[in-house]
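Right, one structure below, let's go through it.
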Amino acid sequence: MDITHIINSLNEEQREAVVNTNENLLILAGAGSGKTRTIVHRIAYIVITGSAHWNQILAVTFTNKAANELKSRVAQLLPNQRNAGLWTGTFHSICHKLLRIHSQEVGLDGNFQVIDTDDQLRIIKRIHKERSLDEQSWPPKKILGYINQMKERSLRAKDCYDDSNLFLRTQSEIYEAYEAHCIANHLVDFTELILKCTEMLESNEAIRWRYHTQFKHILVDEFQDTNRLQYKLLKLLSTDAQRIVAVGDDDQSIYSWRGAVVDHMFSFEKDFPPVKTIRLEQNYRSTQPILTAANQVISHNSKRLDKTLWTEIESDEKLKLYAAYNELDEAQFICDQIKSLQSSGLKLDDCAILYRSNAQSRVFEEKLGQEQLPYRVYGGLRFFERAEIKDIIAYLRLIANPSDNYAFERSINQPPRGIGKMTFDKIRQEALTNTTPLLAAARTTQITGKAQAALEQYVSLVSDSLADFGQLSLLVEHIVTSTKMIAYLSTQRSPQTESKIENIKELINAAKYYDKYDSIQEALNEFLSHAVLDQTHESEHAAQQVQLMTLHAAKGLEFPVVFLVGLEDDLFPHKMTHADDMQIEEERRLCYVGMTRAEKTLFLSYAETRRLYGQEMYQRPSRFIRELPSDLIDNLRVAKTTRITQQKTTFEFKLGQNVKHEKFGEGVVLNYEEDGDNSRIQVRFISEGTKWLLCAYANLSIA
DNA sequence: TCGAACGTTCTTTTT
DNA sequence: GAACGTTCGA
């Protein structure tokens with residue numbers, strides 16, 4: 001047995017993390033310290049030394065994409081092994097797998113379907129309608145947040161009933177109704193997948209024992225982003241006989257808004273003894289200046305585990321900071337830089353543009369398009385979240401699970417086939433009196449006139465026997481043709497029509513990957529859960545494309561050249577986070593994540609003015625810019641200052657400058673008009689509103 | 001029953 | 001500015 005190729009290329013700490021199977025390990029892995037590599041090598045080491053078989057290893061990753069990468073890298077390392085048995089995936093997909101296996105034991109319908117946040121909201125809005133609750137007083141999104149939070153704390157509706165006031169009582173009653181809806185429609189939301197699994201393992205000793213004996217090794221990546229329910233699941237799955245490895249970096253914890261609890265990195269030692277802590281502090285990715293700057297920024301955070309990243313990669317290339325006039329100038333600047341880098345031999349896919357929020361991608365997409373630079377946007381409205389795709393998915397969901405009233409509601413008149421509110425209300429009444437699902441009610445409801453034929457056709461379409469098709473892609477194609485979906489879209493003369501049709505063709509294509517299943521029922525269920533759980537839908541991507549994504553989506557990736565854009569207060573850090581120090585620290589970690597994606601070159605940019613919510617806004621540079629070490633920064637353009645002569649003094653300002661006026665108090669400079677002695681300056685005062693002032697008499701001073 | 005036109009509200013990140 | 005919901009006329 002030759003293990004040299006598995007351990008030779010590792011540094012001392014990495015090697016210990018790979019070969020130590022005597023203790024549980026907490027690996028504090030800094031950015032670019034070879035974290036994934038260590039996990040991959042450890043799995044290979046476990047298998048090749050005979051410590052466990054593939055199916056006795058459980059490796060939890062943060063995204064499904066990471067899981068796929070893990071698998072293929074292990075395969076590269078051990079080319080002659082079949083690693084199909086390896087359990088990898090997100091907490092959600094692993095729990096989904098467990099629930100499919102044990103659906104009977106947990107009382108779930110075998111064809112239960114997974115729903116996303118959007119579907120959850122629909123259910124809550126439906127409940128609002130049933131109870132005539134207005135969405136102002138009980139905002140669906142808030143209620144949804146409450147329900148998810150309760151579930152993450154393992155609290156069922158019955159544990160939450162609270163009638164201390166009207167709001168709390170209504171909220172807990174909606175939770176109860178929501179639970180009932182999910183059960184009746186055989187629907188399972190994201191958190192429910194995990195909650196159900198923890199309940200199953202808690203209450204069913206036989207199942208618990210089965211997995212305790214099966215899994216000899218558990219590895220958890222991105223451990224800093226586990227929430228309390230996921231942590232509980234880990235505790236339930238683990239025993240003294242196993243080895244569990246948690247890998248994480250507290251400085252890269254950027255999901256607390258989703259319930260992630262960094263403190264799990266502190267409690268791990270207590271809950272999973274005996275624990276050996278290993279620090280991976282050598283960074284193999286970034287140059288010294290980039291790393292020093294990133295370290296400097298993150299050092300402004302108060303609550304950190306002690307860890308110092310270092311690198312051997314010397315460079316005299318400083319970080320570059322660009323102050324753009326506005327968001328268009330920012331995009332133009334980046335295009336120019338990319339072009340010049342390209343002409344010196346850089347590949348487009350080595351460049352990444354990273355931004356705080358998805359909406360920011362638009363300007364870059366437009367500019368890159370104009371400049372004929374190919375690009376690819378990751379995330380955003382993801383493939384399976386697009387309306388036209390969800391419409392077809394609704395048909396599929398209803399076929400898989402005839403109890404799904406939400407799928408029925410979405411598909412019955414999409415595309416419009418003459419079944420309106422009247423008909424739908426009749427069906428719902430019928431369903432209510434007979435306590436059957438809507439689809440069953442649609443078969444028995446008496447309908448007359450035009451709607452009758454349309455309804456019959458619809459019902460027969462979604463009642464078609466699955467077996468008739470044999471292959472999933474044929475079924476999808478059948479739905480598309482018999483609903484005349486494409487013809488309908490073509491009549492809509494919206495600019496997105498073409499891409500919608502493309503998407504539908506792509507969906508049929510995606511279904512083809514499931515044609516190999518023996519049973520179409522199984523293929524359908526797998527396809528549908530893939531559509532919800534695994535948003536990494538890789539449409540074939542040409543290599544040479546600039547990469548665009550949010551900072552969150554960039555976690556775990558690296559690029560030779562990174563553009564970190566929109567570094568403006570209110571945008572990044574986002575204005576929703578300003579009031580709360582903890583949240584500002586999370587924004588700072590996000591900034592740290594962004595900076596440490598860069599290998600060689602890091603551009604930072606901000607715009608002095610920006611169109612936001614349809615309005616021109618004057619922006620202040622982000623506080624993170626002030627936290628950078630100035631000796632490592634090249635200023636490519638300093639904000640343009642203008643000098644005006646007032647009665648007594650000369651006054652120098654830039655747009656967005658905070659100023660003070662003797663009478664009107666403090667304000668901010670919005671605009672300036674050059675016109676000799678009549679030059680004017682526009683200022684928005686805090687208490688007096690916006691005013692134009694003659695420069696000569698303005699008598700402003702810097703606030 | 002349908003779609004155009006209007007008004008309203010909300011704008012963070014994702015499994 | 002966009003996405004959503006509502007209203008109104010055909």
Side-chain angles (χ1 to χ4, degrees), chain A residues 60-67 89-96 114-118 120-122 125 128-129 134-136 139-141 148 151-152 188-194 222 225-227 229-230 253-260 354-363 378-382 384-385 387 412-425 449-451 454 488 491-494 496 529-536 549-555 566 570-578 583 586-587 589-591 593-594 610-617:
Chain A
V60 186
T61 57
F62 190 66
T63 62
N64 286 290
K65 197 172 151 204
T90 60
F91 278 105
H92 295 91
S93 64
I94 284 164
C95 286
H96 174 251
V114 184
I115 56 170
D116 65 12
T117 312
D118 189 57
Q120 285 186 288
L121 271 176
R122 276 168 207 274
K125 287 180 181 170
H128 277 63
K129 275 199 184 130
D134 71 286
E135 299 189 356
Q136 306 288 329
K141 276 192 180 156
N148 286 336
K151 287 190 176 201
E152 267 168 31
V188 175
D189 64 48
F190 285 137
T191 311
E192 182 75 21
L193 287 168
I194 302 173
E222 307 285 8
D225 287 324
T226 50
N227 67 31
L229 192 55
Q230 294 164 339
S253 158
I254 53 176
Y255 283 94
S256 74
W257 53 274
R258 210 172 81 183
L354 308 182
Y355 36 80
R356 176 65 177 83
S357 61
N358 278 309
Q360 286 170 260
S361 75
R362 231 195 73 220
V363 185
Y378 290 79
L381 230 209
R382 282 178 292 292
F384 286 106
E385 286 171 4
I412 184 152
N413 203 29
Q414 189 60 38
R417 53 164 69 81
I419 304 175
K421 194 174 176 300
M422 299 285 281
T423 313
F424 186 70
D425 280 346
K450 222 178 83 185
Y488 167 73
T491 63
Q492 310 291 99
R493 34 176 212 293
S494 101
Q496 295 109 318
S529 41
H530 165 85
V532 197
L533 285 172
D534 187 357
Q535 298 281 353
T536 27
M549 66 192 83
T550 64
L551 288 157
H552 283 87
K555 191 168 77 157
D570 287 1
L571 200 60
F572 187 34
H574 195 273
K575 70 158 170 278
M576 310 294 276
T577 65
H578 274 50
Q583 288 192 57
E586 177 144 320
E587 296 284 299
R589 291 193 291 270
L590 199 50
C591 183
V593 167
R610 177 181 295 274
R611 258 188 112 73
L612 278 174
Y613 325 130
Q615 257 203 321
E616 203 76 23
M617 305 285 279

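Reckoned from all heavy atoms, side chains included, excluding hydrogens, waters and symmetry mates. Residue numbers begin at 1 in each chain, while the letters A, B, ... track the order of the sequences. Worth saying up front: this structure is predicted, and the values here are computed from it rather than measured.
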Dot-bracket encoding per residue of DNA chain B, Watson-Crick/G-U cut-off under 3.5 Å, | denoting interstrand: ||||||||||.....
Among all residues two or more places apart in sequence or in another chain, which pass the salt bridge (Lys or Arg N to Asp or Glu O under 4.0 Å) test with [X]?
X       : value
D134(A) : none
E152(A) : none
K421(A) : D425(A)

Between C1' on dT12(B) and OH on Y355(A), what's the gap in Å once rounded to a whole number? 13 Å
What's the NE2-C1' distance between H552(A) and dT13(B), to the nearest Å?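 For the pair H552(A) NE2 and dT13(B) C1', the rounded distance is 4 Å.
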Identify, with sequence neighbours excluded, every residue that meets ring pair (Phe, Tyr, Trp, His ring centres under 6.0 Å) alongside [X].
X       : answer
F62(A)  : Y255(A)
F572(A) : F624(A)
H128(A) : none

With no angle test and no hydrogens, is the base of dT12(B) tied to the side chain of H574(A) by a donor-acceptor pair under 3.5 Å? no
Quick one: which of dT12(B), dT11(B), dT15(B) gets closest to the side chain of T117(A)?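 Selected nucleotide (nearest to the side chain): dT15(B).
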Counting side-chain heavy atoms from CB outward, which of dT13(B), dC2(B), dT11(B) is closest to N358(A)?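 Looking only at side-chain atoms, N358(A) lies closest to dT13(B).
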Looking at N148(A), does any N or O in its side chain come under 4.0 Å of the phosphate oxygens OP1/OP2 on dT15(B)? no
May I ask you to evaluate whether N227(A) reaches the phosphate of dT15(B), defined as a side-chain N or O under 4.0 Å from OP1 or OP2?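 No, N227(A) has no side-chain N/O under 4.0 Å of OP1/OP2 on dT15(B).
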Outermost DNA chain C nucleotides near chain A [under 4.0 Å, heavy atoms]: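 That gives a stretch of dG1(C) to dG5(C).
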The criterion is side chain to side chain contact (heavy atoms under 4.5 Å, CB included); which residues satisfy it with K125(A), sequence neighbours excluded? E135(A), P140(A)
